[in-house]
Amino acid sequence: MSLAAKFSPLPISTSLHPPIGNFMTTPVNKIILGPVIGGLSYDRVNLWARASGPAVLHAWLSRQDDLSDARLVGNSALKEATGYAGVVPIRELTPDTTYYYAMTLEPDSRPEVVDFQPFTTFPPPHEKRSFNFVFGSCFLPRNEDAGETFTAINGLRESDDLRFLLMIGDQIYADKWKHNGIGKIAVSKNDYRQVYEYTWSQASLRQLLTRLPAFMILDDHEIDNDWHWDDFDRRWASIPFFDRIGRWFEGRPPQERYLPLHRVRDGLQVYWEHQGMHAPAMRLPPKLNLANQYELRPHDPGSLAYTFYFGGAAFFVLDARTMRVRGKAGNTVLGEGQWRTLETWLEGVKDTYAVKFIVTSSAFLFNMLGDYTGDRWSGFKDERDRLLHLLAHEGVEGVYFLAGDIHSGHAVSAELYGPLGKRIPIWEFCSSPFEQDPNWFSKFTFFPVLSGALQKHKLHFDIGANNFGIVRVNFDNPKRPLVQFELHYEKKGEWKTRTVPEG
Ligand SMILES: [Fe+2]
């Protein structure tokens, strides 16, 4: 008997998530993006998808690998206001358990067996369990066969027991008009949505995201190149003057050469639809209006930063972009609201989690000589120093920065001057790009971060090639966890690796 034939109709369960009233639509529309396994933890998951038009998204779940207990666990109405993207949050899952899920727009029928994919919930917080995950950034597909990196990750997913993927910026390139699928720079919600549709439709990426739980955060290109706010009231935003001039030379129309408030708001809204709504709860979320749109109130301290935990490892995913202000009004990457949440989090995890990852879309411990854009943390030296001094002064051990953005993969180590002369190792692992023009020159421009909190700054490697990073957290010795970074990079059609620390 086939698996499908074994199924018998099951009632809709309301124990995990209540179904939505009588909102039933004839399923003429189809799922065009996703599913994505978002916001996974030891007891919950946010299953996401986007449809071609109004519909109801149904999530099915099974604990048995023969799917004999598959049942409908939740629905979500996909509406025009969110670009027909939606999420079905599922709660009260069991830790360390493999589930099989499927998403469908069909109201009555069970999904096909082939539509079910597994995910495994995380161990309970604080349990020191060894695990591996993968991360990277920057994806600009230039043809229909793009996404070799995602195919390579998919190939290692099972053999390397990769538990999740961190995508840490430039998940789309809204401004790369030659390769964003719309032939112009995105300037409206509709444009941004189309860029996601084009970029995320790449078969290799879509296949990976249906199988590997994902956590995401934006960098600049989700809105526009190297953008920032000009004022703390967040009424005015800018892109660099060389982009404005370059676009003028290219004959781009005026609306593509400036970044008015409404364009930032539209880009952020569409970011939320695709990357934000399935993320774990934000620590201090920005205010939304009644229509769930960003208000961008002048003094709203809320950002897109969030935290999550895998057993004995804690993650703080910084929002290094949407609170960023530079110019006459002052300079900040994180903004004071996010600083407060980061300080509180560090205080909480300092002695309770042996391994802490601070995820930043912009490189933190990597200075580039002649980096005239000032777009990375090196352009905000005081704030970088503030964080380094905080870590040193508080004696925070086991900190690893995960970075992206600079189109080359690197590993940097240093030592913090901890309390009572203690030397505290600190690392930065960078993976960028998944697929973009590699920066093979950056290794020649590296120079150490000059900070009174830091010594023995060392660049272990810097490789300009398409890449992804695997991080292996080993708790075999619970008192001395080993964290290794393995950069997988492609040179002349061959995948190679570099690992730090070795051993
Ligand atoms: Fe990038």
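Ligands are counted one by one from 1 in listed order, and the atoms in each one are counted from 1 as well. We number each residue from 1, following the sequence as shown.
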Go through the structure and list residues passing side chain to side chain donor-acceptor pair (under 3.5 Å) with R376, not counting sequence neighbours.
D371, T373, D405
List for me each residue that meets side chain to side chain donor-acceptor pair (under 3.5 Å) alongside D437, sequence neighbours excluded, and say none if there are none.
R142
Within the distance-only criterion (no hydrogens, no angle test), does the side chain of D319 pair as donor or acceptor with the backbone N or O of L304 below 3.5 angstrom?
yes
Partner of R324 under salt bridge (Lys or Arg N to Asp or Glu O under 4.0 Å), picked from D219, D375, D226, is D375
So which protein N/O/S atoms does the Fe ion (ligand 1) have within less than 2.8 Å?
C138 SG, D170 OD2, Y173 OH, H407 NE2
Sequence neighbours excluded, every pair satisfying salt bridge (charged side-chain N to carboxylate O under 4.0 Å, His left out) that has a member inside residues 260-282:
R193-E273, D224-R263
Any side-chain heavy atom of N331 within less than 4.5 Å of one from V325?
no
